Amino acid sequence: RRVDRMMEAGLLKEAQDLFMRWNECGRDLIESRGVWQSIGLKEFLPYLRDPNGESLSGCRERIVAATIRYAKQQKKWLRKKLLPALDYYV
């Protein structure tokens, strides 16, 4: 649901605008650095580079999977790092 709300709010348009501006600057796009690492942008790169070769539904599915992975990482960090640290101060 979260990804669908992001798509409805204009995530694709934002990614397209950013990609277009990046190309206009003439700078090399390095996927492993900067804003292109963020969830929701890196999954659109194949589509932005070749809209005929990649489907939007494929991009959406990759965003959903990346979001779930990130949420799991956050939960793990909270459980292993934050909660023990809070217990120390209580």
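Atoms considered below: every heavy atom in the structure, side chains included; atoms not considered: hydrogens, waters and symmetry mates. All values derive from a computational prediction rather than experimental measurement.
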K.L.:
How long is the straight-line distance from CG of Leu48 back to CH2 of Trp22, given to the nearest 0.5 Å?
P.N.:
13.5 Å

K.L.:
Residues in side chain to side chain contact (heavy atoms under 4.5 Å, CB included) with Ser55, at least two apart?
P.N.:
Ser57

K.L.:
Would the number of heavy atoms belonging to other residues, nucleotides or ligands and lying under 6.0 Å from CZ of Arg49 be above 12?
P.N.:
yes

K.L.:
Donor-acceptor pairs are to be reported for all side-chain atoms of residues 11-20 against protein atoms at under 3.5 Å, with residues two or more places apart or in another chain.
P.N.:
| from | atom 1 | to | atom 2 | distance (Å) |
| --- | --- | --- | --- | --- |
| Lys13 | NZ | Asp17 | OD1 | 2.9 |
| Lys13 | NZ | Asp17 | OD2 | 3.2 |

K.L.:
Looking at CD1 of Ile39 and CE of Met6, how far apart are the two atoms once the value is rounded to the nearest 0.5 Å?
P.N.:
8.0 Å

K.L.:
Test of understanding: with side chain to side chain contact (heavy atoms under 4.5 Å, CB included), list the residues that count as partners of Arg62, not counting sequence neighbours.
P.N.:
Glu43, Pro46, Glu54, Cys59

K.L.:
Using a 4.5 Å cut-off on heavy atoms from C-beta on, say whether the side chain of Asp4 contacts that of Arg60.
P.N.:
yes

K.L.:
If you measure from CZ on Arg33 to CG on Asp28, what distance do you get to the nearest 0.5 Å?
P.N.:
10.5 Å

K.L.:
Rounded to the nearest 0.5 Å, what separation is found between the CG atom of Leu82 and the CH2 atom of Trp77?
P.N.:
5.0 Å

K.L.:
State the CD1-NZ distance between Ile63 and Lys42, to the nearest 0.5 angstrom.
P.N.:
10.5 Å

